[in-house]
Amino acid sequence: MKKINKLAFLLMCLGISLCLVSCGNKEQDESDTTKNQVTKDYDLLIYNTDKEIAESFEKMCDDYTSRTGIITKAITTPEDEEANTHLGSYMNSGEAPDIYTVNSMQELNKWQSAGAVLDFSNATETDFKEIVNKIPVSIRLSSNTVDNFGLPCTLKGYGYVVDPKMISSLFGADKYRYVLEDLKKCTYEEFESFINALEFYIESGSIYEFYLNDNSYKFLDRRSGLAENLNAIFAFPAGTPSYTGFNILNSALAYRFNSAAEAHVASDETINSLQNIFSSFARALSLLTSSVSTKNGGMSRGMEIVNSVTNSPTQALKSFVNGQALFLVADNSIYDSMFLLDSSLANRVSLLPIKIPETIGEDVASNLEDGTYRQSIAVSVPMYFVINAKSDEKHQKLAQDFLVWFKTSELAQKYIMQEFKFIPYDLKESSAIDNQLSRKMVEYVSSKLFLPAVCNGLPEFMPEELGKAIIDKYYILPSWYLDEYELISQEAIGMWLRMR
């Protein structure tokens, strides 16, 4: 009997122990679960990578909350942190954003691989679908030419900035409007003749007839006014790789590709067939670097034009503002810096296409109608809004509703244009924009005279690396011949194939 009682006692102790272990494990599991859950005090979380608009972006989201009752929280990358890293920490936490910004094809690929990018063809809200279906193909965020993943936030346009007053000094007040219009429409060959004529005019005062858009022109008999300051034709920071590998290359590649996505998925065969395109790019660079205004005066190719002291982006802007160069290679974001140096100049400048030779017999991008290529500027989208495909159905709907409000409401438009200084891709009336260069860019976009930023579809570091290679090997050579064009073409094609 004592043995039986003893056995019962041991079994009872074992049961209690198992129960305690079980309870302990359950409490531990509950603790771990609680640790991975975040108590959310908002309905919609939006991540913004543009640090310059942090305060006003948060205020806009607060206004959205007050008008809709949807508690919307905005997060912006802190000043001292890198956007991708900071966003990644949110993505891997219990606080993944429902909307976030993507700035490049590489970022798109990263978040696509993580399953965090909603294909807009899977959108559920009719109003949202109507908006995104109207985004021009050439500026869509896509990695495969078919899908549509992002809502463009703003635009950036690249071209030759020119002062109409300088044109007036060269041709006369009665002709400058016609000259500007014909410079926009002229062929590359006509532009090249104009540049050669202007070089002679600056160096020796020699005058001869040339044609722009089939119209005959001559410079005034004597240099006067602003034209007296000219020491070269281009203000171009040749030693800064992005100006060569992005600003100019975009216009060259747009002759063949309809979008960055098309370049992103280009086959080896297609890339190898681009010899003529890259040779045309090299020919345009040869003309561009034949007459560059630097700190020490007008220069042709050589160490002087790639030196960061004598020809930095800041120095190039100063050369243009001081009337020492006719054209400044830039985009519309240069306006604020220009305004600080000369507000009158900044408020009258115009924007012209970067001229690239058109290759006869070359396959042409299907979205180019006859004559539109030479009249168009390259346009990029620095930032897109993307919806997180990992958010549940309810939050994806809230995200779509917010983006519809962002695109259509009067209040959001005030934030976009007045606070953020963004340029909507579908803006028709440019008068509300206080940036003269952005106004000119909108005129091109609304007239459908714009080219895609094809470089965004190239391997991540290729535009910069190609720019560096051209600077190191070719800009330092005084003379270029057909061999240099072919070598630059081979360099570009080989780099693309290696880096893709």
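We number each residue from 1, following the sequence as shown.
Every residue was checked against the side chain to side chain donor-acceptor pair (under 3.5 Å) condition with K51, not counting sequence neighbours, and none meets it. Among residues two or more places apart in sequence or in another chain, the side-chain contact (heavy atoms from CB on, under 4.5 Å) test is passed with D50 by N48, E52, I53, M383, F422. Partners of P424 by side-chain contact (heavy atoms from CB on, under 4.5 Å), not counting sequence neighbours, listed by chain and number: K407, Q413, I416, M417, D426, L427. In this structure F191 satisfies the ring pair (Phe, Tyr, Trp, His ring centres under 6.0 Å) test together with Y160, F327, sequence neighbours excluded. Residues that satisfy the side chain to side chain donor-acceptor pair (under 3.5 Å) test with Q112, not counting sequence neighbours, are S143. Here N133 pairs with nothing under the side chain to side chain donor-acceptor pair (under 3.5 Å) rule; sequence neighbours left out. Partners of D434 under the salt bridge (charged side-chain N to carboxylate O under 4.0 Å, His left out) rule, at least two apart in sequence or in another chain, are K421. Listed by chain and number, the residues in a salt bridge (charged side-chain N to carboxylate O under 4.0 Å, His left out) with K414 amount to none (sequence neighbours excluded). Every residue was checked against the side chain to side chain donor-acceptor pair (under 3.5 Å) condition with T314, not counting sequence neighbours, and none meets it. Considering only residues two or more places apart in sequence or on other chains, S279 meets the side-chain contact (heavy atoms from CB on, under 4.5 Å) condition with Y485, S489.
There is no side-chain donor-acceptor pair under 3.5 Å between Y373 and S251. Judged purely by distance below 3.5 Å, without hydrogens or angles, the side chains of T76 and E58 never pair a donor atom with an acceptor atom. Of the N and O atoms on the side chains of S380 and Y158, at least one donor lies less than 3.5 Å from an acceptor on the other residue.
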Please set out all donor-acceptor pairs under 3.5 angstrom arising from side-chain atoms of residues 445-471, sequence neighbours excluded.
{"from": "S446", "atom 1": "OG", "to": "V442", "atom 2": "O", "distance (Å)": "2.9"}
{"from": "S446", "atom 1": "OG", "to": "E443", "atom 2": "O", "distance (Å)": "3.3"}
{"from": "S447", "atom 1": "OG", "to": "E443", "atom 2": "O", "distance (Å)": "2.9"}

Please tabulate, one pair per line, all N/O donor-acceptor pairs under 3.5 Å involving side-chain atoms of residues 492-500, not counting sequence neighbours.
{"from": "R498", "atom 1": "NH1", "to": "G494", "atom 2": "O", "distance (Å)": "3.4"}
{"from": "R500", "atom 1": "NH1", "to": "A266", "atom 2": "O", "distance (Å)": "3.2"}
{"from": "R500", "atom 1": "NH1", "to": "D268", "atom 2": "OD1", "distance (Å)": "2.6"}
{"from": "R500", "atom 1": "NH2", "to": "A266", "atom 2": "O", "distance (Å)": "2.3"}

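Using cut-offs of 30° and 60° on the angle between ring planes, the pair F402 and Y64 is perpendicular. Under the 30°/60° scheme for interplanar angles, the aromatic rings of W480 and Y475 are found to lie parallel.
A salt bridge links K73 with E95: the closest approach of a Lys/Arg side-chain nitrogen to an acidic carboxylate oxygen falls below 4.0 angstrom.
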Apply ring pair (Phe, Tyr, Trp, His ring centres under 6.0 Å) to Y100 and Y90, showing your working. CA-CA 10 Å; Y100 58 99; Y90 270 90; over 10 Å; no
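Distance check, rounded to the nearest 0.5 Å: CD of E192 to CG of L287 gives 5.5 Å.
In summary, the aromatic rings of Y384 and F149 are positioned with their centroids too far apart to meet the 6.0 Å limit.
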